[in-house]
Student: 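Dropping a structure here in structure tokens format, bear with me for questions.
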There are 2 protein chains.
Amino acid sequence: MNLTELKAIQLAELFSALSDASRVRIISQLIEGEMSVSALAEGLKMSESAVSHQLRGLRQMRLVRARKDGRQVFYSLDDDHVAKLYSMGLDHVEHG
Amino acid sequence: MNLTELKAIQLAELFSALSDASRVRIISQLIEGEMSVSALAEGLKMSESAVSHQLRGLRQMRLVRARKDGRQVFYSLDDDHVAKLYSMGLDHVEHG
DNA sequence: ATAATATATGAACGATTGCTCAACTATTCA
DNA sequence: TGAATAGTTGAGCAATCGTTCATATATTAT
């Protein structure tokens with residue numbers, strides 16, 4: 001089965017979403033449920049700016065969804081595929 | 001479930017293997033079966049050097065295995081987990 | 001021996017990434 | 001209204017990445 005260049009790029013972009021430890025930790029938090037930017041930043045000991053920058057990328061890839069409530073913005077996973085990829089990867093890292 | 005920093009890094013490294021279109025295409029070729037460096041290079045229209053550099057990374061992550069036969073080196077997937085991640089990602093890109 | 005072939009490797013380069021910092025918008029509170 | 005809070009954004013910078021190019025190593029053929 002021959003992979004088109006477009007699909008290769010799309011696949012690479014998808015996996016890029018989980019190719020950084022900060023983003024992996026963000027995803028792992030969001031698997032527990034939606035969370036505000038500042039809660040994520042505090043829990044992960046990252047600056048709010050850094051978290052926000054990463055969330056923007058995840059949002060653009062439609063892996064994460066934003067819900068605004070007052071002055072807070074709550075993020076959650078937009079797609080259970082990501083959670084599945086995550087848990088499959090974790091399984092590989094832990095056993096195997 | 002709290003993710004340790006080590007596991008976050010290991011997960012990120014695993015997904016990094018598929019975070020580049022060239023590597024995705026290499027993996028997609030190797031799913032079909034083992035292949036020499038020059039065959040990969042020709043099929044993917046990449047230089048042998050570029051392919052070799054990428055294969056080294058994949059080898060170091062133990063996602064790919066090398067078998068030397070004469071002056072050729074045949075590469076194959078070392079781990080069916082990668083193929084599973086790949087096809088799961090492809091599924092997400094194609095549908096969903 | 002020499003030449004040719006297959007692959008690996010290091011240096012160097014531009015491109016991309018992930019962060020910080022400062023400035024900005026939007027919302028709430030007093 | 002003005003101050004405080006939550007988040008976003010752009011510029012800038014160091015670090016990393018993926019490639020090319022030249023060179024090196026290993027194997028085979030002559």
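Heavy atoms only: backbone and side chains are in, while hydrogens, waters and symmetry mates are out. So you know, we letter chains A, B, ... as the sequences are listed, proteins then strands, and number each from 1.
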Student: Measure the distance from CZ on B:R59 to P on C:dT7 and round it to the nearest whole Å.
Tutor: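 These atoms are roughly 12 Å apart.
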Student: Please tell me if A:S38 has a side-chain N or O lying less than 4.0 Å from either OP1 or OP2 of D:dG7.
Tutor: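 Yes, because at least one side-chain N or O of A:S38 sits under 4.0 Å from OP1 or OP2 of D:dG7.
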Student: Please check the phosphate of D:dA6 (OP1 and OP2 only) for any side-chain N or O of A:S36 closer than 4.0 Å.
Tutor: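 No, A:S36 has no side-chain N/O under 4.0 Å of OP1/OP2 on D:dA6.
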Student: Rounded to whole angstroms, how far apart are CD on B:Q60 and P on D:dT16?
Tutor: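 For the pair B:Q60 CD and D:dT16 P, the rounded distance is 15 Å.
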Student: Kindly say if A:R56 contacts the phosphate of D:dG10, meaning a side-chain N or O under 4.0 Å from OP1 or OP2.
Tutor: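 Yes, within the criterion.
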Student: Nearest-Å distance, CG (B:L40) to P (C:dA8)?
Tutor: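 Going from B:L40 (CG) to C:dA8 (P), I get 11 Å.
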Student: D:dA6 phosphate, OP1 or OP2: any side-chain N/O from A:Y75 under 4.0 angstrom?
Tutor: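 For A:Y75, the contact criterion (side-chain N or O under 4.0 Å from OP1 or OP2 of D:dA6) is not met.
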Student: Within this structure, what is the CD1-CG distance for the pair A:I26 and A:L58, rounded to the nearest 0.5 Å?
Tutor: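 Spacing of CD1 (A:I26) from CG (A:L58) equals 6.0 Å.
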Student: Rounded off to whole Å, could you give me the CG-to-C1' distance for the B:L55 and C:dA6 pair?
Tutor: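 Value for this atom pair: 13 Å.
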Student: A:L58 has an atom CG; how far is it from atom P of D:dG7, in whole Å?
Tutor: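 It works out to 16 Å between those atoms.
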Student: Roughly how far, to the nearest 0.5 Å, is the CZ atom of A:R65 from the CG atom of A:L30?
Tutor: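 With rounding to 0.5 Å, CG (A:L30) is 10.5 Å from CZ (A:R65).
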Student: Heavy-atom count check: over 12 atoms from other residues, nucleotides or ligands less than 6.0 Å from A:E42 CD?
Tutor: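 No, because the 6.0 Å sphere around CD of A:E42 holds 12 heavy atoms or fewer from other groups.
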Student: Apply side-chain hydrogen bond (donor to acceptor under 3.5 Å, both in side chains) to B:R56 and list each qualifying residue two or more places apart in sequence or on a separate chain.
Tutor: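 Expected list: none.
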Student: For the pair made of CD in A:E34 and C1' in D:dG7, what is the distance, rounded to whole Å?
Tutor: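 Taking atom C1' of D:dG7 as the reference, CD of A:E34 is at 16 Å.
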Student: So B:E48, base contact, sugar-phosphate only, or nothing? Heavy-atom distance under 4.0 Å.
Tutor: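 The residue B:E48 makes base contact.
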Student: Relative to the ring of B:H81, is the ring of A:H92 parallel (under 30°), tilted (30 to 60°) or perpendicular (over 60°)?
Tutor: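 It falls in the tilted class, 30° to 60°.
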Student: Across nucleotides 17-30 of chain C, 5' to 3', mark each nucleotide with B, S or - according to how protein heavy atoms within less than 4.0 Å reach it.
Tutor: -SSBB----SBBS-
Student: Are there more than 12 heavy atoms of other residues, nucleotides or ligands under 6.0 Å from atom CZ of A:R67?
Tutor: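 Yes, CZ of A:R67 has more than 12 neighbouring heavy atoms, counting only those of other groups under 6.0 Å.
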Student: Rounded to the nearest 0.5 Å, how far does CE of B:M88 lie from CG of A:L85?
Tutor: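 Rounded to the nearest 0.5 Å, the CG-CE separation comes out at 4.5 Å.
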